[in-house]
Amino acid sequence: MAYQTLIVEIEEYVALIRLNRPEALNALNSVLLGELADALKAADANEKVRCIVLTGSDKAFAAGADIKEMSEKSFVDMFTQQFFATEAESILRTRKPIIAAVAGYALGGGCELAMMCDFIICAENAKFGQPEINLGVVAGIGGTQRLTRFVGKSKSMDMHLTGRFMDAAEAERSGLVSRVVPLAKLIPEAMGAAQKIAAKSMLSTMIVKECVNRAYETTLAEGVAFERNSFYALFATEDQKEGMAAFLEKREPQFRDK
Ligand code: DAK
C-alpha cells in the first residue's frame, strides 16, 4: 500500500517502515500517525513479516508532534478527539517485535515513539529529548512515565524540566538505547538484528515481548509467575521440540511457528 508520509519495504521477513516528512523533520501529524497505525497493523497481519524496524531520516527520527497542527487546538478539541491516543495504542498493540533505528532528533513525541518500540538502536548523531516544557506543555504519550523507567528519576526530571537533549553516548550510558553505531551502519545493524529475530520461533518472540512488557505492569512476583507459565506453555509447541532437538543434534533449528 502507498502512503503519503511513510515508505514501507519488506525484505527477508523484516518490514522497514521509514517516517517520511522531511520538510518537517518527520513531525508526527494525524496523517502520519494514522498511516503508521495502519502500516503496523498490516505488518502484524502479514505472514511475510516477522519483525519490524521503524526509522526516520539521517537528520531526524521525529522532531515531535506537529506543533503547527497542535498550536490552535483547545482543551475541548484535544479531549473530545482523544488527540493521538488511539494511534499510540495501536503501536503498543503490535505483537511482532519493533526495533526503533534512531538517527538525528528524537524529540517529544518522537522520543516517546522510539520508547514505545521494543528496543532502540541509535546512530552516533542521535539526540533524544522531551522539550515540551519549552512550549508550555508536558509530554503526552508516555514520556514522563517511560523515560523515568529507562533512565531513572533524576535524569528524567532533568530532561523534562530543562528540555535539554541527550546525545547517543549518554543515551547508551543511561540505558535508553541498546546499541550505538556509526550513522552509515544504523540500518544494516537494525536490519541484521531484525533478521536474527525473524529466524526465531514467532511464538517465542511474541511471548518474550509479553513477558518483558509485564515487568512494567505488575509486581515482581506476578511477573515471574507469568514468565514461568509462559515457559511451561511453550512445551506445548512443536518449535520447543525442534529447538531442543536441533541443539542436541548440533544443527540449526527450523522453526515453523507451531
Ligand atoms: N512540528 C512541526 N514542524 C517542525 C517540528 C515540529 N515538532 N520540528 C521541526 N519542524 C519544522 C520546522 O518548523 C522547519 O520547518 P520550516 O520552517 O522550514 O517550514 C523544519 O521542520 C526544519 O526545522 P528547523 O529549521 O527548526 O531545523 P533546525 O535544524 O534548525 O532545528 C530542531 C531542529 C529539531 C532542534 C527544531 O526544529 C526543534 O526544536 N523542533 C521542535 C522540537 C520540539 O519542541 N518537539 C516537541 C513537540 S511537542 C500527545 C501526543 C503527542 C504529544 C503530546 C500529547 N497525546 C496523545 C496526548 C507530543 C508533543 C510534542 O512532541
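Residues: numbered from 1 along the sequence shown. For ligands, and for the atoms within them, numbers begin at 1 and follow the listed sequence.
Two residues are said to be in side-chain contact when any heavy atoms from C-beta on lie closer than 4.5 Å; Leu183 and Glu124 fail this criterion. The shortest distance between side-chain heavy atoms of Ile120 and Leu176 falls below 4.5 Å.
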Side-chain donor-acceptor contacts of residues 46-61 below 3.5 Å, not counting sequence neighbours, with atom names and distances?
| residue | atom | partner | partner atom | Å |
| --- | --- | --- | --- | --- |
| Asn46 | OD1 | Lys48 | N | 2.8 |
| Arg50 | NE | Ala198 | O | 2.6 |
| Arg50 | NH1 | Asp257 | OD2 | 2.7 |
| Arg50 | NH2 | Lys200 | O | 2.8 |
| Arg50 | NH2 | Asp257 | OD1 | 3.1 |
| Arg50 | NH2 | Asp257 | OD2 | 3.4 |
| Thr55 | OG1 | Ala101 | O | 2.8 |
| Ser57 | OG | Lys59 | N | 3.2 |
| Ser57 | OG | Ala60 | N | 3.0 |
| Ser57 | OG | Ala60 | O | 3.2 |

What pairs of donor and acceptor atoms, side-chain ones from residues 211-219 against any protein atom, are under 3.5 angstrom apart with sequence neighbours left out?
| residue | atom | partner | partner atom | Å |
| --- | --- | --- | --- | --- |
| Asn213 | ND2 | Lys209 | O | 3.2 |
| Thr219 | OG1 | Glu222 | N | 3.1 |

Starting from the N and O atoms of ligand 1, collect every protein N/O partner closer than 3.5 Å and put each pair on its own line with the distance to 0.1 Å.
| residue | atom | partner | partner atom | Å |
| --- | --- | --- | --- | --- |
| ligand 1 | 1 (N) | Ile67 | N | 2.9 |
| ligand 1 | 7 (N) | Ala63 | O | 3.0 |
| ligand 1 | 7 (N) | Ala65 | O | 3.0 |
| ligand 1 | 29 (O) | Lys59 | NZ | 3.0 |
| ligand 1 | 45 (N) | Ala63 | O | 2.9 |
| ligand 1 | 55 (N) | Phe83 | O | 3.4 |
| ligand 1 | 55 (N) | Gly140 | O | 3.4 |
| ligand 1 | 61 (O) | Ala65 | N | 2.7 |
| ligand 1 | 61 (O) | Gly109 | N | 2.8 |

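Listed by chain and number, the residues in a side-chain contact (heavy atoms from CB on, under 4.5 Å) with Glu132 are Glu112, Gln130, Val137, Ala139 (sequence neighbours excluded).
By the 4.0 Å N-to-carboxylate-O rule, Glu9 lies too far from Arg18 to be salt-bridged with it.
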